[in-house]
Protein chains: 2
Amino acid sequence: MATQTAQQRRDDAKLRFDAYLAGCPSRRLLDRIADKWVALVLKSLAAGPQRYSDLARQLAGVSQKMLTQTLRNLERDGLLTRTVTAEVPVRVDYELTPLGSSLGQLLGDLKSWAEEHMPDVDEARQRYDRRT
Amino acid sequence: MATQTAQQRRDDAKLRFDAYLAGCPSRRLLDRIADKWVALVLKSLAAGPQRYSDLARQLAGVSQKMLTQTLRNLERDGLLTRTVTAEVPVRVDYELTPLGSSLGQLLGDLKSWAEEHMPDVDEARQRYDRRT
DNA sequence: CCGTATCCTCCTCGATACTG
DNA sequence: CAGTATCGAGGAGGATACGG
């Protein structure tokens, strides 16, 4: 086998690291909950099942595309269920699964930390920006 | 004052919603910790102060640009301190502040949830992908 | 009512090269 | 050693129009 150049060794290390990140549960969780609309959808559904149009109304800034995409991903991950009722017009309800509720709890903890500590961050940021 | 069109009302609502999101502590926290390298930097520094080159070595996949940018942002937010020692060559140490350690704790909780529940997510995802 | 399909625009991130 | 500067590719997300 040939001797590797330094460049090859760096590339290899990077590939292994990327693979590690892709499988890392913590990283995957962060990527999931940081999706722009996930937290808001979960919060809305924490109050009980909601129709698609209810969600669209509460999340005033969301596009149809992103709302649907977010809901599909959450359904795929087993965090909520999608129920179609064949009325006219069609009715679709979304409801959290136990797993989804569990994630909602976690986000509640995050919210607590944020409300407690983000003011400190703001202060630090102002200090940093004022120093020349 | 003129009557608003439906379009104008939607645009207004969207603007207000975006403004709300920009100031929302939870949203800002999520945006911060979901930055690709933040969690890894915090984890490295949890073990004690590290030099720039130490961090670069441990985070095998990071570019200089992103490492520096991440460190600067964390410094600005008061989560770590940057100490330059005038040796030859220059030496720069990074160390967590109490606030930074606190955030590290929070990420630990996140990690626990991820390790406990992400297998369920994987299972749900496989079920979803198998149904035609 | 509940989506899908398409296009298009930022904007993040990485690669690369250079400096005190 | 520890950065800064610049450029370019790619993807996320929004606008819009259409379908079942």
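Just so it is clear, the structure is predicted and the values come from calculations on it, not from any experiment. Letters go in sequence order (proteins before strands), and every chain restarts at 1.
Taking every side-chain heavy atom of B/K14 into account, D/dG14 is the closest of C/dC13, D/dG3, D/dG14. Residue B/R51 places its side chain closer to D/dA2 than to any other of D/dA2, C/dC1, D/dA15. Of all nucleotides listed (C/dC13, D/dA15, C/dG3), D/dA15 comes nearest to the side chain of A/K65.
Place A/D54 and B/V62 on DNA chain C by their nearest nucleotides, and A/D54 ends up nearer the 5' end.
Distance B/Q50 CD to D/dC1 C1': 16 Å, rounded to the nearest Å. Atom C1' of nucleotide C/dT12 and atom CH2 of B/W37 are separated by 14 Å, given to the nearest angstrom. Rounding to whole angstrom units, CD of residue B/Q64 and P of D/dC1 are separated by 11 Å. Atom CE in A/M66 sits roughly 14 Å away from atom C1' in C/dC10 (whole-Å rounding). Distance A/D31 CG to D/dA12 C1': 13 Å, rounded to the nearest Å. The interatomic distance linking A/Q69 (CD) with C/dT4 (P) rounds to 10 Å, in whole Å. Atom P of nucleotide C/dC1 and atom CG of A/L71 are separated by 16 Å, given to the nearest angstrom. As rounded to whole Å, 11 Å separates atom P of C/dG14 from atom CG of B/L67.
Cation-pi geometry between A/R131 and A/Y128 is satisfied (NZ or CZ under 6.0 Å from the ring centre, within 45° of the ring normal).
Between A/R28 and B/D122 there is a salt bridge, since a side-chain N of the basic residue sits under 4.0 Å from a carboxylate O of the acidic one.
Here A/S53 reaches the OP1 or OP2 of C/dC2: one of its side-chain N or O atoms lies under 4.0 Å away. Neither OP1 nor OP2 of C/dT4 sits under 4.0 Å from any side-chain N or O of A/Y52. Using a 4.0 Å cut-off, no side-chain N or O of B/S63 falls inside it from OP1 or OP2 of C/dC13. For A/R82 and C/dG3, the shortest distance from a side-chain N or O to OP1 or OP2 is below 4.0 Å. Using a 4.0 Å cut-off, no side-chain N or O of A/Y94 falls inside it from OP1 or OP2 of C/dC2.
Note that CD1 of A/I33 and CG of B/L110 are 5.0 Å apart. Values are rounded to the nearest 0.5 Å.
The aromatic rings of A/F17 and B/W37 lie parallel to each other, with less than 30° between the two planes, well short of the 60° mark.
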- side chain to side chain donor-acceptor pair (under 3.5 Å) between A/S44 and A/Q58, intermediate numbers included: CA-CA 8 Å; A/S44 274; A/Q58 289 182 50; 2.9 Å; yes

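Contact between B/D35 and A/R27 at its shortest, heavy atoms only, is O-NH2, 4.1 Å. The shortest non-hydrogen separation linking B/A34 to A/A34 is CB-CB, 3.2 Å.
Taking five base pairs at each end of the helix from C/dC1-D/dG20 to C/dG20-D/dC1, the local helix axes there meet at an angle of 50°, rounded to 10°.
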